Amino acid sequence: MSPSNLRDVTALGGFTLSIRDVLERPVFQRARLIAGMGGTDRKVGWVHILEIANVAPYVTKNDLILTTGLWLRHYEQERLSYMQQLIRQEAAGLCVEFGTSIENIPSEVIELADASDFPLIVFEQPVRFVEITQDIHGLLINQQHQMLKDLEAYSRRLQQITLQSTDVNAILHVLYEYTGQQVVYHSTVDTNKFMPRNISAAAAEEITALYRGQVQGSEAAQQEAGQFMLPKERLLLTQPVICLGQTLAHVGLVIPSQQARDRITLLLDYTAKSLASLLLRMLFLEEKMLRDQNQLIQDILNHQIEDEEEARVRMGLRPPKQAEMWFVGGMMETEYGPGEGDLDRDKMESDQQDLLVRLRALLKRHALHNLLMQKGRRIYILCARDKASKDDTPLSLQQTIRKIVDRMQHPASGAPVHRLRVGFGLIRTRMTDIHRSFKEAEQVLEVTRSAAVREGLFYDQIGVYRLLKAIPAETLESFIRDQLGALMAYDQEHHLHLLPTLDMYLKCMGSKNDTAKALYIHRQTLYNRLDKLEEILGEDYLEPSRRICLEMALLALPLIT
């Protein structure tokens, strides 16, 4: 740390005038501390001359009182009342002049001062009170003036940083330079930061746990400065970073509990305001970036980008000649249960924003380039990853995406608020082909939304449904009617559950025993249903060509219902 910054530390974080400091001033050379030796660390904020007995209304915390001792001529109870008023008002101490009104201090007053660690100072010869007030007030005013100058310099330095960069760490580093204390930054939108960064994991978790318990759980606490005790006689001071009415973070300092806090608080306040300006600019930049990302995804969905280099440049990736990459498009939908569709609109938007933040953080953690666009309950996802080697295959990218989806569906904090339905298309090597991947992802969602497939994630995992989804809906419905129409009509009229019986019988490869067990029915009941199936469908319904048609129709049925 430079010498100038060392001076700043003294002025901004460490200067206080205590009784011990006052006793070392030239004007106190003839003074003697006769009681309250344990209170010499008391802070002196101002000096007053008071000769009246009822002093409480005129004394504030940290006042040093000068008196000639007229009140000592009163009865013992009134003398003790005078001292008790000063102690209750948390005055810094009392200076009594001998020779003008009194010559000694009664023992009961000395005993009270000692019991309360209240400094009692005597001048054994008359002194000029005006010289004392001028000296102490001059010292306090000069220090206050110097502190304001240093605060101004500190503010200018922070302003330069906020104008030159969007680096939160740079601001935190300046605060650390000016205080020499552990700096803590807890964010609701980013990772937590510590300065210096070599803080132990245990110490970081201790502070983070305190923050979560004391601040994050209360909306009121999030808007206010805080003081929280830490083990080993330490104190965590925090200041909220408020931007557009929202608390985005807290910046704090870990200091010894005995250290003066006024100037530290001012430093934190200046720092919080600078961080708010920085975060506001970052939010505007992110908003612009999100608009650009949304437009890029929209252009990709509409197949309006045909130049590969242009597409990659707009996403901030290296040109095709410099890097081979894997690309994949996907979609994530929030699925609400019965009765949840009427949730408050603000609550639904909040849930979607939380999902977006979690998803973005997970994609970043797994080092995937990404574009995200939210529309209603759906999030469009474009992922990209550099090919690690010539032997690299799309499988590793699929595995990474599967981990991310699993974490989204089963967060560490507990069960998700709502069910998530996710689908991804085929992985491709050209970004301009991703419009196809998005269409494939749409088909995966449609398939998993039906009763047919529940666990599909990638387009290449939905099997024969790829063919079924490629068939026009009118043609598919006609095929299903031709194969299953008579059976469906009979079931609707007689409620014999022939359709699910046929489906399970074919899945069990014609095993009557397995089919009866799977349907939880008696074997004779199954025989009766099979006889009816043969009557409606014909004796050849288990022949290979006919059986394939029936199985395809059963698979396709959930897609149109």
Side-chain angles (χ1 to χ4, degrees), residues 15-144 147 227 257-263 265:
F15 172 77
T16 54
L17 186 65
S18 66
I19 293 294
R20 183 181 292 107
D21 299 323
V22 166
L23 291 172
E24 294 177 359
R25 301 297 298 171
V27 291
F28 278 79
Q29 285 183 354
R30 291 179 293 172
R32 183 164 56 92
L33 182 67
I34 65 170
M37 281 70 172
T40 54
D41 288 329
R42 285 175 179 252
K43 178 183 174 182
V44 177
W46 205 243
V47 181
H48 281 301
I49 303 172
L50 287 176
E51 298 290 359
I52 59 176
N54 184 24
V55 295
Y58 308 101
V59 176
T60 56
K61 185 177 179 180
N62 300 327
D63 282 349
L64 179 62
I65 307 301
L66 305 180
T67 177
T68 60
L70 285 174
W71 53 275
L72 286 169
R73 295 181 174 181
H74 297 180
Y75 293 109
E76 177 182 343
Q77 190 58 42
E78 293 178 347
R79 294 197 294 261
L80 293 178
S81 173
Y82 181 95
M83 290 293 291
Q84 289 166 348
Q85 291 178 65
L86 295 180
I87 293 168
R88 281 197 303 269
Q89 296 299 110
E90 298 183 57
L94 176 65
C95 300
V96 183
E97 177 194 67
F98 288 169
T100 302
S101 301
I102 61 168
E103 297 297 335
N104 58 72
I105 303 291
S107 59
E108 66 271 14
V109 173
I110 296 175
E111 290 173 2
L112 177 59
D114 274 330
S116 304
D117 287 331
F118 183 76
L120 181 55
I121 303 168
V122 298
F123 291 93
E124 296 182 339
Q125 297 177 0
V127 294
R128 287 168 54 90
F129 282 170
V130 66
E131 292 180 359
I132 296 175
T133 56
Q134 285 177 346
D135 180 69
I136 303 302
H137 288 172
L139 185 62
L140 291 171
I141 291 171
N142 288 339
Q143 290 292 347
Q144 185 75 8
M147 185 192 71
Q227 297 184 5
S257 57
Q258 298 84 8
Q259 183 171 340
R261 304 167 195 173
D262 294 345
R263 288 142 179 97
T265 302

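Just so we're clear, the structure is a prediction, and the values are computed from it rather than from any experiment. Values below: all heavy atoms of this structure, side chains included; hydrogens, waters and symmetry mates excluded.
Separation of atoms CD (Glu111) and CG (Leu80) is listed at 9.5 Å; rounding is to 0.5 Å. In this structure, CD in Glu108 is found 4.5 Å from CZ in Arg79, a value given to the nearest 0.5 Å. Between the CD1 atom in Ile136 and the CD1 atom in Ile141 there is a gap of 11.5 Å [rounded to 0.5 Å]. To the nearest 0.5 Å, atom CZ of residue Phe118 and atom CD of residue Glu90 are 11.0 Å apart. The CD1 atom of Ile132 lies 8.5 Å from the CG atom of Asp135; values are rounded to the nearest 0.5 Å. Within the model, atoms OG of Ser81 and CG of Leu86 stand 9.5 Å from one another, a figure rounded to the nearest 0.5 Å.
Between Met83 and Leu94 the shortest side-chain heavy-atom distance falls below 4.5 Å. Within the 4.5 Å cutoff, no side-chain heavy atoms of Val55 are placed close to those of Ile65. When side chains are defined from C-beta on, Ile19 counts as touching Val44, because their heavy atoms get closer than 4.5 Å. Put simply, the side chain of Asp21 does not reach to within 4.5 Å of the side chain of Leu139, judged on heavy atoms. In this structure the side chain of Leu23 reaches within 4.5 angstrom of the side chain of Ile121, judged on heavy atoms.
For Asp114, there are no salt bridge (Lys or Arg N to Asp or Glu O under 4.0 Å) partners, not counting sequence neighbours. Partners of Asn104 according to the side chain to side chain donor-acceptor pair (under 3.5 Å) rule, which considers only residues two or more places apart in sequence or in another chain, do not exist here. For Asp41, the salt bridge (Lys or Arg N to Asp or Glu O under 4.0 Å) partners are Arg20, not counting sequence neighbours.
Using a distance-only test at 3.5 Å, with no hydrogens or angles considered, a donor-acceptor pair links the side chain of Arg42 to the main chain of Asp117. Side-chain N or O atoms of Glu97 include one that pairs as donor or acceptor with a backbone N or O of Val127 at under 3.5 Å.
Summarising the geometry of Phe123 relative to Cys95, their closest heavy-atom pair is CE1-CB, 4.0 Å, with the distance given to 0.1 Å. Tyr58 approaches Asp63 most closely through the heavy-atom pair O-OD2, 4.3 Å. When all heavy atoms of Ala113 and Ala35 are compared, the closest pair comes out as CB-CB, 3.8 Å. Minimum interatomic distance between Gly69 and Ile102 (heavy atoms only, all atoms of both residues): O-CG2, 3.4 Å. The two atoms that bring Thr133 and Val47 nearest to each other are CG2-CG1, 3.8 Å, heavy atoms only. Ser116 approaches Ile87 most closely through the heavy-atom pair OG-CD1, 3.5 Å.
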Residue pair Gln85, Val59: steps toward the side chain to side chain contact (heavy atoms under 4.5 Å, CB included) verdict: CA-CA 9 Å; Gln85 291 178 65; Val59 176; over 6 Å; no

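Using modelled atom types and a 3.5 Å distance limit, the side chains of Glu51 and Thr67 yield a donor-acceptor pair.
In this pair, Trp71 and Tyr82 present their aromatic rings parallel. The plane angle is below 30°, not in the 30 to 60° band.
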